[in-house]
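Contents: one structure, followed by commentary.
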Amino acid sequence: MKTLLKLTPVVAVVGLLAACGSTMEQRAATGALGGAVAGQVLGGNTTATVGGAVAGAAVGAATTPRRPN
């Protein structure tokens, strides 16, 4: 339960940061930063930080709306 209480605000912040920026690169960068912070808070080691950054970057890039051709 304690981990769940830690996880809830972190997920909310990462979700908000993943939506920052107007290009895919900007959203991936802000998502990576938020994910790295979340990984460090939850895991407390380098592996968790890197994993969080990768996941955050993927979420940030995935939230970019498609542009019409």
Side-chain angles (χ1 to χ4, degrees):
M1 184 69 174
K2 200 173 198 181
T3 303
L4 183 61
L5 292 176
K6 278 188 192 178
L7 184 62
T8 303
V10 171
V11 169
V13 169
V14 170
L16 290 173
L17 286 177
C20 292
S22 56
T23 65
M24 182 174 53
E25 292 82 5
Q26 291 171 346
R27 288 180 181 232
T30 56
L33 289 174
V37 170
Q40 183 61 37
V41 168
L42 296 175
N45 59 28
T46 304
T47 303
T49 304
V50 172
V54 169
V59 170
T63 61
T64 307
R66 294 194 183 269
R67 294 185 182 155
N69 292 336

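Since this is a predicted model, take the numbers as computed values, not measurements. For this chain, numbers begin at 1 and follow the sequence in order.
The minimum heavy-atom distance between Ala48 and Gly43, with the atom names listed, is CB-CA, 3.5 Å. Among all heavy-atom pairs drawn from Thr64 and Arg27, the shortest one is OG1-CD, 3.3 Å.
The side-chain hydrogen bond (donor to acceptor under 3.5 Å, both in side chains) analysis of residues 31-54, with sequence neighbours excluded, yields the pairs Gln40-Thr49.
For the atom pair Thr30 OG1 and Glu25 CD, the distance stands at 11.5 Å (nearest 0.5 Å).
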